[in-house]
J.: 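Structure incoming, see below.
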Amino acid sequence: MTTPPYLEALNPEQRAAVLHTGKPLLILAGAGSGKTRVITTKIAWLIREQGLDPRSILAVTFTNKAAREMADRARLIDDRAGFAMLRTFHSFGAWFLRRNGNLGGLPSNFVIYDDDDSVALLATLLPDLPKATVKQTAHAIARAKDYFLSPDDPELALIDHRKEFRRIYAQYEERLAQIGNVDFGDLIKKPVDILRANPEVTQRFRDRFRVIMVDEYQDSNIAQFELLKTLCGPSTYICVVGDDDQSIYRFRGAEVRNILEFPDRFAGADIIRLERNYRSFSPILDLASSVVDHNEGRLGKTLVAHRGPGKTPTLAFLPDQDAEAAFCAELIENSVNPPKAGNAGKHKEAAPPGAQTGRALYSDWAILYRTNAQSLGFETEFLRRRIPYRVVGSLKFYEREEIKDALALLSFLVNPRDEIAFRRVVNKPTRGVGPATVDRIVGEATIGGITDGSAGDIAEAARRIMPALSAKAHSGVAAFFKALDGGLFLLTPDDAVPENSNTTGGKSAGNKAVEKLEKHSKKGRKRDGGNPLAAGEGLSPCVVRLIEDSGIGEYHLTHDDITGQQRIANLQELANAASIYPATHSGLLEFLEHIELDRSIEQGPAGDEEERGVVTLITVHNTKGLEFHRVIMTGIEQGVFPRDDKNGDDLEEERRLFYVGATRAMDELYLTSCAMRRMFGRTMPMEPSLFLGEADKKALRVLGKAPYGFTKRGVASYGSGGVQTKAPVASSDGRWKVGDRVFHDDQGYGAVMEIRESDEGPVIRVKFETGKDIRFLSLHQSSKYTKIGNDA
DNA sequence: TAGTTTTAAGTTTTT
DNA sequence: CTTAAAACTA
């Protein structure tokens, strides 16, 4: 048997991973080690060489982008890979529930609630609690589902120890079931429940999916683990790929133990390590590794930089965030449009092998930050300097008020039991339907419909109760339902879809509505001649009609005339997005599901941006799986990165986040750290990040004035007063006692004067021979890197 | 009740 | 500084 050409390009470990069969497989794939290539090649190889039916392959990822990329790349090797099921966990769950949800009492027309909807639902159950508490509780319920805990699970107390939490969770579940919708957690948990209760269904799925692959396994949660465990029969081949150092979603239930304990949970598992990094020059990897090395509890691995040595990463200390933005802008601008060299002769720097030479493109650059809020400063500066950029992720298009309103209308159309959607829009614009009336209708729906089988149907309940309403409320409710009927009219029932038509039912009327809406959006502000709106197709007339008839469009236009125009434009965009779906009930359902599960908005560069590209502004979290030639990690300051409320395991996660960010860089890496930063509108003094102290200084070139305390030996203390974030030394037995002698790089010898407990651990006050009195937050008294100068 | 004013609070990270 | 929630007035 000859080696197929597509295997030739793989290194021995990659090839071993592709050719592996027969046992569970864990691929520990370091950053930039070509894991996507391994997965896609493996899919193609299974089809071509093993003769596997592509439809019996299930590959799960965590983001839709990753799923799409994987599908595209696998298809490049073999067309038939397009028939494999490549989905996110949540999209797979939704797919499962549409077909088998009835086994768990779920109607097939369920709508997926996002976190806001969950909070809104919970708020109706807990009307007397402050909103913050409701949010917290909703969060706890979501976590519980991530950990696969039902309301009756004894371990529930680990999530939320309040006595009443169990009851609230149960009530929430009951109400959600009455409405007939699901939340995000249900998309994973419910399939497992159903599979376990129905062995014949489990068997069917095990017969169908012979091979299961999981990408980014380090970010899977317990419920997802349970799902995998259930889907895997004795003869299912399971292969998971991940990197424990890149686990950054613990906060939303990801469980690193899934990857650490994979060999225990899937007996006889083999482990293959991919440790050759093809992405970054070695100093970049050295820097990233030196920081993440400070984590305990990791599998540990040695990444080898296949590209060899290159430019040393630069750390720039800057006065404030304005200087930071300017620094980034100049760095970028100088690389894209280099200033004319004053000296004669080409001043071509000796480029490291493999480095790009000549001018950079804007698209080579990415600016990374810890929180979305930090993008603003860069946007302002880049706008001023005419540097093209795109902001990834923060758009939150679907979280805008007007979009949520429109979606609520659509959701209610799909599921008239949706109390949350009903409450949101029934009185918007105000129709004289106050909370009292709404409560009456909802009450009637829950209680009144039991006898005639319309239980929960709010539309039915409203019709029944209408005669008893005041004139004002009556006309308001009537207007609301009339608007809905208008939208419904444009939908074709699924059982009556004509063969050649997905744009049916009053297309011309719909077009008129679109024209009207278009006029609205063009009235005030001139729109750049961008792409002509392709509305009027498929589902969009229905969406437009609903927006118009319900008065939502008008409401937002009149309510706020500055942003009103923008809001109309947003609604228009939503209508456009609907155009690719057929104007049927199931088309509408599909549209809503797509929106809930994939909120990423693909925005390609336009016009002359095509050539030079655009700079990417992005949170570190969002960079997972991406790479850039040149990366600037900004705001490397204590309190920002890591956030100052982080300690213990949370701090380790921040460290991994730093690792993820740094390893995105292929050629050049820059770090910036500000002495001052505006927060909450006030300027605050900042200290360099703990991580800078931990970093290997040999892998760092420092620009600007290093703040007091930033030494070659490590971050010791900054400024004066305040609680320090790192203890100078460890005491002899790991516990502090008053009188312990300590040594500090800058302050010399000292003695512990006082120990106090704080939320974040013991705070010790040390009097040094220099006369200084400094308080330290003693987080790391027993960890390896606090042993500097321990004199016990 | 609806709409306005005042006050407080808060900023992670996302399917 | 921006946003959301409570408090207040017409």
Side-chain angles (χ1 to χ4, degrees), chain A residues 60-67 87-94 112-116 118-119 123 129-135 139 142-143 145-146 182-189 216 219-221 223-224 246-254 321 368-377 380 392-396 398-401 427-438 470 472-473 476 559-560 563 593-600 618-625 635 639-646 650 653-654 656-658 660-661 677-684:
Chain A
V60 247
T61 63
F62 278 84
T63 66
N64 294 283
K65 202 161 97 193
R87 283 174 182 265
T88 64
F89 263 112
H90 290 89
S91 137
F92 174 77
I112 301 162
Y113 272 175
D114 66 14
D115 290 350
D116 284 347
S118 296
V119 171
L129 287 183
K131 190 140 192 203
T133 316
V134 174
K135 254 187 177 159
H139 185 255
R143 273 308 73 73
K145 290 187 179 184
D146 286 342
V182 297
D183 60 23
F184 271 115
D186 286 338
L187 292 176
I188 311 296
K189 186 169 176 293
E216 307 281 11
D219 286 326
S220 60
N221 61 35
Q224 287 159 343
Q246 294 187 62
S247 168
I248 54 174
Y249 285 111
R250 213 177 77 97
F251 69 92
R252 69 165 202 228
Q321 57 195 341
L368 275 50
Y369 35 79
R370 180 63 181 77
T371 63
N372 275 311
Q374 289 166 258
S375 76
L376 257 121
T380 328
V392 175
S394 76
L395 264 161
K396 293 184 178 163
Y398 294 106
E399 281 165 38
R400 291 166 199 267
E401 184 188 355
N427 199 30
K428 200 170 192 177
T430 47
R431 302 181 170 96
V433 186
T437 311
V438 174
S470 69
K472 197 171 67 168
H559 216 248
D560 189 335
T563 56
E593 179 170 320
H594 179 84
I595 285 171
E596 286 304 331
L597 294 180
D598 185 3
R599 297 187 159 192
S600 68
I618 191 169
T619 62
V620 187
H621 277 91
N622 266 322
T623 63
K624 197 172 71 166
V640 176
F641 197 176
R643 283 179 62 90
D644 51 6
D645 52 353
K646 290 298 156 77
D650 286 344
E653 176 141 316
E654 295 272 312
R656 291 192 291 267
L657 193 57
F658 182 91
V660 167
R677 182 172 290 277
R678 277 190 303 279
M679 288 175 113
F680 307 113
R682 239 168 244 306
T683 304
M684 305 281 285

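Quick note on labels: first sequence line is chain A, next is B, and so on, each numbered from 1.
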J.: So, do A:Tyr398 and A:Glu596 sit near enough that their side-chain heavy atoms are less than 4.5 Å apart?
T.: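 SC-SC contact between A:Tyr398 and A:Glu596 ruled out.
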J.: At under 4.0 Å, does any side-chain N or O of A:Asn372 touch on OP1 or OP2 of B:dT12?
T.: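 It does not, given that no N or O in the side chain of A:Asn372 lies less than 4.0 Å from OP1 or OP2 of B:dT12.
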J.: Quickly work out the A:Ile112 CD1 to B:dT14 C1' distance and round it to whole Å.
T.: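 Atom-to-atom, A:Ile112 to B:dT14, this comes out as 15 Å.
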J.: At 4.0 Å (heavy atoms only), tell me whether A:Asp115 reaches a base, stays on the sugar-phosphate, or touches nothing.
T.: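 The answer is base, as A:Asp115 lies within the cut-off (heavy atoms under 4.0 Å) of a base atom.
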J.: Please answer whether B:dT15 and A:Phe62 are stacked, defined here as ring centres separated by less than 5.5 Å and planes angled under 30°.
T.: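 Not stacked: fails the 5.5 Å / 30° test.
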J.: Hey, does the side chain of A:Asn622 come within less than 4.0 Å of B:dT14's phosphate (OP1/OP2), counting only N and O?
T.: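 Yes, because at least one side-chain N or O of A:Asn622 sits under 4.0 Å from OP1 or OP2 of B:dT14.
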J.: Please compare A:Thr437 and A:Glu596 by the position of their nearest nucleotide in DNA chain B and report the one closer to 5'.
T.: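 With A:Thr437 and A:Glu596 compared, the 5'-side residue is A:Thr437.
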J.: Given atom CD of A:Gln246 and atom C1' of B:dT13, what is their separation to the nearest angstrom?
T.: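 One finds 15 Å between C1' of B:dT13 and CD of A:Gln246, rounded.
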J.: Could you check which of B:dT15, C:dA5, B:dT12 has an atom nearest any side-chain atom of A:Thr371?
T.: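 The answer is B:dT12, which lies nearest to the side chain.
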J.: On DNA chain B, check which nucleotide each of A:Gly432 and A:Met679 is closest to and give me the residue with the more 5' one.
T.: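 Mapping each residue to its closest nucleotide by heavy atoms, the 5'-most match is A:Gly432.
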J.: If you check every side-chain atom of A:Thr430, which of B:dT12, B:dG3, B:dT15 has the closest atom?
T.: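 So the nucleotide nearest the side chain must be B:dG3.
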J.: A:Phe89 stacking on B:dT15: centroids under 5.5 Å, ring planes under 30°?
T.: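 Stacking is absent between B:dT15 and A:Phe89, given that the ring centres and planes do not meet under 5.5 Å and under 30°.
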J.: Among the candidates C:dA5, B:dT1, B:dT12, find the nucleotide nearest to the side-chain atoms of A:Lys131.
T.: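 Nearest listed nucleotide: C:dA5.
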J.: Just name whichever nucleotide pairs with B:dT7, Watson-Crick or G-U, keeping both distances under 3.5 Å, else none.
T.: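 When the pairing criteria are applied, C:dA4 turns out to be the nucleotide that pairs with B:dT7.
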J.: Whole Å only: how far is the CD atom of A:Gln224 from the C1' atom of B:dT14?
T.: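 Spelled out: CD on A:Gln224 to C1' on B:dT14 is 12 Å.
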J.: Using purine N1 to pyrimidine N3 plus N6-O4 or O6-N4 for Watson-Crick, or N1-O2 and O6-N3 for G-U wobble, each under 3.5 Å, what pairs with B:dT14?
T.: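 By the stated definition (distances under 3.5 Å), nothing pairs with B:dT14.
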J.: So A:Arg677 and A:Gln374, side chain to side chain contact (heavy atoms under 4.5 Å, CB included) or not? Walk me through it.
T.: CA-CA 10 Å; A:Arg677 182 172 290 277; A:Gln374 289 166 258; 4.2 Å; yes
J.: On a heavy-atom basis, which atom in A:His90 and which in A:Leu187 lie closest, and how many Å separate them?
T.: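 Heavy atoms only, the tightest pair is O-CD1, 3.9 Å.
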J.: Let me see the working for A:Arg250 and A:Asp650 under side chain to side chain contact (heavy atoms under 4.5 Å, CB included), right down to the final yes or no.
T.: CA-CA 8 Å; A:Arg250 213 177 77 97; A:Asp650 286 344; 2.7 Å; yes
J.: How long is the line joining CD1 of A:Ile188 and C1' of B:dT15, in whole Å?
T.: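 Answer to the nearest Å: 8 Å.
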J.: Is the shortest heavy-atom distance from the side chain of A:Arg252 to the side chain of A:Phe184 under 4.5 Å?
T.: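 A:Arg252 vs A:Phe184: side chains apart.
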J.: Using whole Å, what does the distance between atom P of nucleotide B:dT15 and atom CG of A:Asp186 come to?
T.: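 Distance check: A:Asp186 CG to B:dT15 P gives 18 Å.
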